[in-house]
Participant: 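One structure coming up, written as C-alpha cells, with questions to follow.
All heavy atoms count here, side chains included; hydrogens, waters and symmetry mates do not. Atoms within a ligand are numbered from 1 in the order they appear, just like the ligands themselves.
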Amino acid sequence: MKNYKIVTDSSANILSMDQINLGVVPLHIIVGDQEFIDDETLDLGKMQTALSTHKGKTSTSCPNAHNWIDAFDNSEVIFCVTITSGLSGSCASANTAKEMYEQSYPDRKVYVIDSLSTGPEMVLIIRKIVALMKKDMEHEEIYNAICAYQKKSHLYFSLASVDNLAKNGRVNPLVAKGVGILGIRILGIASEQGTLEIKDKARGDKKAFKIIAEYLRKNGYTNGRIELAHNNNEQGALELRRLLIDELEAPMDIDIRQTRGLCSYYAEPGSFLIGYEA
Ligand code: X90
C-alpha cells in the first residue's frame with residue numbers, strides 16, 4: 001500500500017490528530033511590523049494583545065505552493081484540505097503545488113479538497129477521510145466520497161465582531177455597520193460558494209445558542225457529528241454543547257477547540273464556529 005499524508009492549513013485549528021500522518025501548513029497574521037506564524041510555536045495571547053493594542057492596519061496571508069510541497073514530505077498519496085477558495089488563496093496555492101508535485105513525480109497523486117468553509121468543518125472532512133481510509137477504499141473512491149460528503153457537512157458561526165473581516169474585504173462593510181454594540185452576535189453560515197452568508201443577529205450568547213440549535217434542527221441535523229471551536233470562550237462552548245446534546249440529541253463526543261491564529265483573527269474573541277453533519 002502507498003504511504004499517504006493528510007495536509008491541511010492552520011485554519012482547521014488543529015496541530016495533530018491521533019494515529020494520523022497529518023501535516024499543517026500555517027497562514028500568517030500580520031500586525032504592523034510583527035508577523036505571527038500560525039504553527040505550534042504561536043503565542044496566541046501575545047497575538048491577541050498585539051491585535052487589540054495596534055492602531056494601524058492588520059492582515060493575514062496564505063501559504064504559497066512551496067509551503068504546501070514541503071508539507072507533502074515526499075509522500076506518495078496526499079489529501080489536502082484547504083480553507084475556502086472563496087475567501088483565501090490557500091486553495092489556489094495547494095492546486096499549484098499539486099501540479100508541480102505530480103509533474104515531478106508522475107507516480108504520486110495529490111487530491112485537493114476545497115472545504116468551501118473553515119475550522120470545524122475542515123475537521124469533519126479530515127475525520128471522514130480517515131474513516132474511509134480505514135475501510136480500505138481506493139484513493140480515487142475516497143476523493144469522490146469526500147466530494148459527496150461535502151453536501152452533508154456544514155458550518156454555522158456566531159461572531160462577536162466582524163471588524164477584521166470587513167477591514168480585509170471578506171464581508172460587506174454594510175454588514176459590519178452598527179454591530180460594534182457590545183453583546184451583539186452576527187449569526188450565519190458558510191454559503192455554497194464558500195463565502196459568509198449572514199442569517200441573523202442576536203443579543204448575547206444565550207439567545208444566539210437557541211437560534212443555532214433551531215437552525216440546525218430546521219436544516220436537516222439529526223444526530224450526526226458536531227465539532228465546535230471558540231475564541232476565548234470555553235465556558236460558552238460547554239454551554240452550547242450541553243444545549244445541542246439536550247435539545248437536538250447530538251452525540252456526546254462533541255470536540256471543543258480553541259481557535260488558533262487564523263480563525264482567532266477573523267472570528268474575534270467571543271465567537272463560535274460550529275461544524276455539523278446534516
Ligand atoms: O488568505 C488569507 O489571508 C486568509 C483569509 C481568510 C478569510 C476568512 C477566514 C474566516 C474565519 C470566520 C467566520 C466563518 C466564515 C465561514 C465562511 C466560509 C472564520
Side-chain angles (χ1 to χ4, degrees), residues 8-14 24-31 35-39 42 44 47-48 51 57-65 67-68 80-97 113-125 150 153-173 175-176 179 185-201 208 212 215 227-233 237 257-276:
T8 188
D9 64 48
S10 64
S11 71
N13 304 310
I14 51 175
V24 183
V25 187
L27 286 97
H28 291 207
I29 296 89
I30 300 131
V31 186
E35 184 150 353
F36 295 91
I37 303 172
D38 191 11
D39 62 10
L42 177 75
L44 199 57
M47 182 188 106
Q48 311 244 38
L51 280 169
K57 212 179 124 54
T58 63
S59 61
T60 59
S61 71
C62 68
N64 63 33
N67 302 141
W68 280 101
C80 291
V81 181
T82 77
I83 186 172
T84 174
S85 62
L87 298 173
S88 169
S90 185
C91 185
S93 296
N95 273 312
T96 307
I113 296 150
D114 177 357
S115 73
L116 294 170
S117 182
T118 190
E121 191 176 354
M122 291 165 75
V123 177
L124 287 176
I125 292 170
Q150 287 187 272
S153 66
H154 302 286
L155 183 82
Y156 197 98
F157 56 76
S158 167
L159 302 178
S161 162
V162 286
D163 276 359
N164 286 338
L165 282 162
K167 280 183 197 154
N168 287 282
R170 258 85 185 192
V171 84
N172 188 328
V175 174
V179 300
R185 301 287 179 258
I186 310 295
L187 307 174
I189 60 167
S191 71
E192 277 179 37
Q193 296 74 40
T195 54
L196 276 92
E197 188 173 326
I198 311 293
K199 290 282 184 196
D200 223 325
K201 280 180 195 165
I212 294 168
Y215 185 92
E227 294 279 338
L228 297 181
H230 67 89
N231 186 353
N232 291 353
N233 194 348
R257 290 188 175 74
Q258 160 74 43
T259 51
R260 297 198 54 81
L262 191 277
C263 281
S264 296
Y265 177 82
Y266 290 104
E268 297 180 46
S271 302
F272 298 93
L273 302 172
I274 302 103
Y276 69 97

Participant: Can you confirm whether E197 is buried at CD, in the sense that more than 12 heavy atoms of other residues, nucleotides or ligands lie under 6.0 Å from that atom?
Facilitator: yes
Participant: Tell me the closest heavy-atom pair linking L116 and E192, and the distance in Å.
Facilitator: CD1-O, 3.6 Å
Participant: Can you tell me which residue and heavy atom of the protein come closest to atom 19 (C) of ligand 1, and the distance to 0.1 Å?
Facilitator: T118 CG2, 4.0 Å
Participant: I need the contact type for S61 against ligand 1. Using non-hydrogen atoms and a strict under-4.0 Å cut-off, is it side chain, backbone, both or neither?
Facilitator: backbone
Participant: Tell me the contacting part of L27 for ligand 1: side chain, backbone, both, or neither, using a 4.0 Å heavy-atom threshold, strictly below.
Facilitator: side chain
Participant: Do any nitrogen or oxygen atoms of T84 come within less than 3.5 Å of a nitrogen or oxygen of ligand 1?
Facilitator: no
Participant: What protein heavy atom lies closest to atom 17 (C) of ligand 1? Include the residue and the distance to one decimal.
Facilitator: L87 CD1, 3.8 Å
Participant: Using non-hydrogen atoms of the residue, decide whether S90 is closer than 4.0 angstrom to ligand 1.
Facilitator: no
Participant: Indicate the atoms forming the closest heavy-atom contact of M47 with L42, along with that distance.
Facilitator: SD-CD1, 4.3 Å
Participant: To check your reading of the model: name the closest protein heavy atom to atom 3 (O) of ligand 1, its residue, and the distance in Å.
Facilitator: T60 OG1, 2.6 Å
Participant: Please identify which atoms of ligand 1 are closer than 4.0 Å to at least one heavy atom of L155.
Facilitator: 16 (C)
Participant: Which atom pair, heavy atoms only, marks the closest approach of T82 to C91?
Facilitator: OG1-CB, 3.2 Å
Participant: Give the atoms of ligand 1, by number and element, whose distance to some non-hydrogen atom of G194 is under 4.0 Å.
Facilitator: 18 (C)
Participant: Number the atoms of ligand 1 from 1 as they appear, then name those within less than 4.0 Å of a heavy atom of F157, with their elements.
Facilitator: 14 (C)
Participant: So which atom in G86 and which in T195 form the shortest heavy-atom distance, rounded to 0.1 Å?
Facilitator: O-CG2, 4.1 Å
Participant: List the closest protein heavy-atom neighbour of atom 9 (C) of ligand 1: residue, atom name, distance to the nearest 0.1 Å.
Facilitator: Y266 CD1, 3.5 Å
Participant: Please name the pair of heavy atoms, one in L27 and one in P63, separated by the smallest distance, quoted to 0.1 Å.
Facilitator: CG-CD, 3.7 Å
Participant: Look only at interatomic distance and state if T195 has a nitrogen or oxygen under 3.5 Å from any nitrogen or oxygen of ligand 1.
Facilitator: no
Participant: Any chance you could measure S59, atom OG, to K167, atom NZ, to the nearest 0.5 Å?
Facilitator: 12.0 Å
Participant: By side-chain contact (heavy atoms from CB on, under 4.5 Å), which residues pair with A190, not counting sequence neighbours?
Facilitator: S117, L155
Participant: Looking at every heavy atom in both Y266 and L165, which two are closest together, and how far apart are they?
Facilitator: CD2-CD2, 3.5 Å
Participant: Give the atoms of ligand 1, by number and element, whose distance to some non-hydrogen atom of C62 is under 4.0 Å.
Facilitator: 1 (O), 3 (O)
Participant: How far is atom 18 (C) of ligand 1 from its nearest protein heavy atom, and which residue and atom name does that atom have?
Facilitator: A190 CB, 3.5 Å
Participant: Does the side chain of Y265 pick up a donor-acceptor pair with the side chain of T58 at under 3.5 Å?
Facilitator: yes
Participant: Got the closest protein heavy atom to atom 1 (O) of ligand 1, with its distance?
Facilitator: S88 OG, 2.7 Å
